Amino acid sequence: MAELESKYIAKNVESKWYEKWLEKNLFHSVPDERTPYTIVIPPPNVTGVLHMGHMLNETIQDVLCRKERMNGKNVCWVPGTDHASIATEAKVVNLLKEKGINKTDLTREEFLKHAWQWKEEKGGIILQQLKTLGCCCDWQRTKFTMDEDMSESVIKVFCSLYEKGLIYRGVRMVNWDPKALTAVSDEEVIYKDQHSKLYYLRYYLADDKSKYVIVATTRPETIMGDTAVCVNPNDERFSYLKGKKLIVPIVNREVPVVFDEYVDMTFGTGALKITPCHDINDYNIGIKHKLQSINIFNDNGTLNENGLQYKGMDRFDCRKKIVEDLQANNLMEKVEDYDNKIGLSERTSVPIEPKLSMQWFCKMKDMAKPALEAVEKGEIKFHPEKFINTYRHWMEDTKDWCISRQLWWGHRIPAYYLPNNEFVVAPTKEEALKKAQTILPNCTIEDLKQDEDVLDTWFSSWLWPMSCFNGINDPNNEEINYYYPTSDLITGPDIIFFWVARMIMAGLEFRKQIPFKNVYFTGIVRDKLGRKMSKTLGNSPDPLNLIDLYGADGVRMGMLMSSPAGNDLPFDESYCEQGRNFSNKIWNALRLLKGFSVEDIPQPESSKLAIEWFKQRMNVMLLSIEDDFSKYRLSESLKNIYTFIWDDFCSWFLEIIKPEYQKPIDSQTYNSAIEIFESLMKILHPFMPFVTEEIYHHLRERQEDDFIMNTSYPKCSQEENKMDEEFAFIKEVISSIRALRNSKGISPKQVLQCFIKENDSKDLITKYESIITKLANIEKPTFVKDKQEGSVSLMVRTTEMFIPITQNVNKDEEIKKINEQIKYYEGFIVSINKKLSNEKFVNNAPEKVVALERKKLEDCETKLSALKQELFSLQ
RNA sequence: GGGAGUAUAGCUCAGUUGGUUUAGAGCAUCUGCCUUACAAGCAGAGGGUCAUAGGUUCGACUCCUAUUACUCCCACCA
């Protein structure tokens, strides 16, 4: 006893156990004859630090892994990080800037050297943080998306898709990020509502300076790129414009009027200015009507030489200035407030600029089809299922994927340009040369220039479940054959398109196999006000700080207690506190048990009964836990385990077997209690790995390599669980006596007498008599035929009990209470009778239901008559 | 504009093919306890016309329809 602290201090045990687990290499997996259970971690950005979303995500993965390991599976959880090209490049650029180095002054090689140096020194902190959380990742397998073999896979896949004609290069309108100076994919554009203005500009007729057409636009700064004005051919207001030219305000350039049904006659003025270079729709109209294109922007969003006097200005400064100039020249009809959506870059949050440029694209349509089928047929299951809709919607209308990025950090595109501007695609420069020489026989390796661009980060992540096991480079190796397809993928719904969908496509395309069997979508962690936790809002607690305060176990429990799959998690620190308190509760149960002095004395009947009951109760719990796990209802499962341990084990079981003050416990009961406690710790272990491991080692002497995380999960049997139902009634009996004490202010120490009116519960009460007397602190109950004078009556189900007390009995209050109950039961009887006298009910309802109603009626009548008798005796 | 989801106690959520004393839990609240494992605790209590209106049914929190509110996703209306 003395050696156990009175409070459980998580800090003192968590790192100790994690180190031991590592030391014994318990997380490492190699293929063997067991069934594999594989999870690949959604690789966090190598620049990332642990945030609440990760905590939730990784905790769920850890719970599943630990549970499956205890179920006898060969568990392999592969950790790793993503090179995150834009994010990392931006980070390194900023760090260099702080040192006074500009990226533009560096060569590609120099920059990459800095980037790698940063990665080696500072990258992947998050993986260390996962250890604090208790994650049982196979660290020997830690991968990075730019590891040599991973890069090789990416290049191989690129070449293969190119050969198949699924990758092509071309000039297209793409989403340009003027801050990161790169193209991004459609998925990386986030649309946000914005209060902006709608400007009405005057375009004068070239041949009649007294007339003008009013054009509404939200982007007046793009007029320098105008090459037409478009109206709907059915719009009679504008039919006079046929063959006319208009003068672009300020610019004073003549542009044609074109007619296209694309224009909405009801919006704005019905006339639309066309800027083919800076709007996707205008671009399409430009192609259709063979219009000229004028690019007015530099890559960084400033105006280029086509911007006339505005050259060099930022696009938004230019807007302000041009609005002033338009107004000064009386070319602005009016300005209206207008709410619209603008696309922001996911990474840099700056407004995206549509830009025509040469990029690489991946065709999605053919790959999308089988990927959709795999989910629709249920080969891959989504939890919750509702995300199938989102998935289908995207898959049915997927656009080609822009995969080139104008960055240096990433997988460089394996395309090589010949002096004649043709190009070849090959995994290495040497192979490229061979191909090149079929075009230009005299071509040398020095003549070949590799494409400057790198690939979208997701172009490597989509291979993750395969490339982690080298399944692309060596498709028949033992590991990929054993671990793939992986079992479960745990991720947020925000990357369903970026990542989940594409992994499914890649798996089916390159391996003809799905990448995982189940996808568990977590919710988003929100603060108390319902806002998404984010760095910019500063509303996210520091996870490591939380772990410090409540222990990893406490925080894990806190995260899981209220996060059903797919539902957002309104985070509240008090959940973690609850988790910490739970650890402490368990710790104290241990202290109680270890404090007993054990002797070879006879086992009390109450203990014997409690042990039998508890084993049946455990069986009931295990059944429901297995059911919950099969449906990924982890939080339900944890809640069940929580009540099971706190209420059933601590409040009921331990209280029953607890010997009287300073008396010893019999060894039989003690050993059973230890055994039960051990099972409970196993049941809880996946959720709270540290405290359970600690308790496990206190319960008995252990071999050096005996760890709870390697034991088997308790199995449920198909035995009868009759005692659990019986005990529920006994609990009610005890609680009602305690409640009586409470309401009458009788000390729990005062032993009470108890008379029970004889009925069919007599056997049950007699059976559990030893427990009732102990926990309710009453004398052995006496069975009687009638109400006892001078006592208060209690009703448990249909059993009436009489407790003789003299204190605090207020007759009027008792009468009032009884009258209320009588009224309630009378009403209840009326409603049951209504049902039973309804022929349709009696004829149509299942017999079971009807019999139940009859039983209800009977019970009610018993109660009612008892209440009436009670009332009579009081008056 | 299209689609999906949610609505149950003050808060967060269960309620599994419609039927078990006329809805459960945790937190919070209230009452009484420093009862010899635990005040990070113990024993109790209060609290809900299951969003609104209809419909199907012998019977609806549960199924259907409409309405309202919120959330999310998708979409090129300047």
Side-chain angles (χ1 to χ4, degrees), chain A residues 1 4 6-8 191 198 215-219 230 262-264 266-269 271-275 279-284 338 340-341 343 354 384 386-387 389-390 393-394 397 493-494 496-497 524 528 530 550 554 561-564 566-570 572 574-575 577-578 580-595 627 631 633 635-636 639-640 642-643 650-651 654-655 658 660-662 735 738-743 745 747-749 797-798 824-825 827-828 831-832 835 838-846 848-850 852-853 855-857 859-860 863:
Chain A
M1 183 75 189
L4 296 180
S6 74
K7 278 197 164 52
Y8 175 73
Y191 290 90
L198 194 54
V215 173
T217 180
T218 51
R219 301 201 60 191
C230 187
Y262 165 78
V263 177
D264 180 351
T266 62
F267 188 88
T269 61
L272 173 65
K273 74 187 204 63
I274 303 298
T275 321
D279 184 283
I280 177 70
N281 303 304
D282 292 11
Y283 174 68
N284 292 332
Y338 181 65
N340 65 345
K341 287 196 168 181
K386 66 175 177 184
F387 287 109
N389 293 317
T390 316
H393 189 87
W394 191 74
D397 183 34
D494 48 335
I496 187 168
F497 309 134
I524 292 164
K528 278 188 201 169
Y550 304 108
M561 277 294 264
S562 92
S563 70
N567 274 24
D568 285 0
L569 177 135
D572 189 328
S574 68
Y575 293 130
E577 199 180 331
Q578 204 183 338
R580 179 200 59 180
N581 294 355
F582 187 39
S583 303
N584 195 48
K585 182 72 185 178
I586 297 167
W587 179 252
N588 276 296
L590 174 78
R591 289 179 64 218
L592 175 68
L593 263 182
K594 295 312 260 187
D627 185 53
K631 293 169 183 152
R633 294 167 25 134
S635 76
E636 281 305 296
K639 280 178 192 169
N640 266 331
Y642 176 79
T643 347
C650 294
S651 301
L654 289 179
E655 289 301 329
K658 187 153 107 181
E660 277 177 65
Y661 184 47
Q662 291 192 328
S735 292
R738 286 172 175 171
L740 177 78
R741 284 182 191 274
N742 240 309
S743 67
S747 158
K749 286 177 190 162
R797 299 191 187 174
T798 54
Y824 169 82
Y825 284 113
F828 198 56
S831 85
I832 299 174
K835 270 194 200 175
N838 182 337
E839 263 182 56
K840 285 182 178 171
F841 172 72
V842 180
N843 294 336
N844 292 331
K848 219 172 74 187
V849 176
V850 179
L852 198 73
E853 291 297 319
K855 175 80 165 62
K856 277 191 208 172
L857 184 64
D859 289 352
C860 271
K863 282 193 178 188

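Remember, it's a predicted structure, so these values are computed and weren't measured experimentally. A, B, ... follow the sequence lines: proteins, then strands. Residue 1 opens every chain.
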- Query: Do the side chains of A:Ile280 and A:Pro354 get nearer than 4.5 Å, heavy atoms only?
  - Reply: no
- Nearest-nucleotide comparison on RNA chain B, the residue closer to the 5′ end among A:Phe582 and A:Lys848: A:Lys848
- Does some side-chain heavy atom of A:Leu272 sit less than 4.5 Å from a side-chain heavy atom of A:Phe267? no
- Task: Sticking with atom P, work out how far B:U12 lies from B:G18, rounded to a whole angstrom.
- Result: 29 Å
- When you compare B:A14 with B:U8, how far apart are their P atoms, in angstrom units rounded to a whole number? 11 Å
- Message: On RNA chain B, does the nearest nucleotide to A:Asn588 precede the nearest nucleotide to A:Asn581 from the 5' side, or the other way round? Give the residue.
- Response: A:Asn588
- Applying ring pair (Phe, Tyr, Trp, His ring centres under 6.0 Å) to A:Tyr283 and not counting sequence neighbours gives none
- Query: Looking across every strand, which nucleic acid part, if any, lies under 4.0 Å from A:Arg633 by heavy atom: base, sugar-phosphate, or nothing?
  - Reply: sugar-phosphate
- Query: Taking only side-chain nitrogens and oxygens of A:Tyr824, does any of them come within less than 4.0 Å of OP1 or OP2 of B:U22?
  - Reply: yes
- Which of B:C27, B:U22, B:A40 is nearest the side chain of A:Phe828? It is B:U22
- Message: Between B:G3 and B:A45, how far apart are the two P atoms, rounded to whole Å?
- Response: 50 Å
- Message: Checking the side chain of A:Asp279 only, and the main-chain atoms of A:Thr275 only, is there a donor and an acceptor separated by less than 3.5 Å?
- Response: no
- Task: Determine the Euclidean distance between corresponding C1' atoms of B:A75 and B:C13; express it in Å to zero decimal places.
- Result: 34 Å
Using nucleotides 55-63 of chain B, report all nitrogen or oxygen pairs with the protein that are shorter than 3.5 Å.
{"residue": "B:C58", "atom": "O2'", "partner": "A:Asn838", "partner atom": "ND2", "Å": "3.0"}

- What nucleotide, of B:A4, B:G26, B:A14, holds the atom closest to the side chain of A:Asn389? B:A4
Can you pull every protein N or O that's under 3.5 Å from an N or O on nucleotides 6-8 of chain B?
none

- Given the C1' atoms of B:U17 and B:G10, what is the spacing between them in whole Å? 34 Å
- With B for base contact, S for sugar-phosphate-only contact and - for none (protein heavy atoms under 4.0 Å), nucleotides 73-78 of chain B reads SSBBBB
- Among B:A4, B:U12, B:A40, which nucleotide sits nearest the side chain of A:Lys386? B:A4
- Task: Could you work out the separation of B:C50 and B:A37 based on their P atoms and round it to a whole Å?
- Result: 46 Å
- Task: Quick one: stems involving RNA chain B, counted as three or more successive Watson-Crick or G-U pairs, both distances short of 3.5 Å.
- Result: B:1-7 with B:68-74, B:10-13 with B:24-27, B:29-33 with B:41-45, B:51-55 with B:63-67
- Base versus backbone protein contacts along nucleotides 43-48 of chain B [heavy-atom cut-off under 4.0 Å; B, S, -]: BS----
- Task: Please examine the side chains of A:Thr390 and A:Phe497, heavy atoms only from C-beta on, and report whether any two atoms are closer than 4.5 Å.
- Result: yes
- Message: When you measure from the side-chain N and O atoms of A:Lys749 to the phosphate of B:C33, is any distance below 4.0 Å, counting only OP1 and OP2?
- Response: no
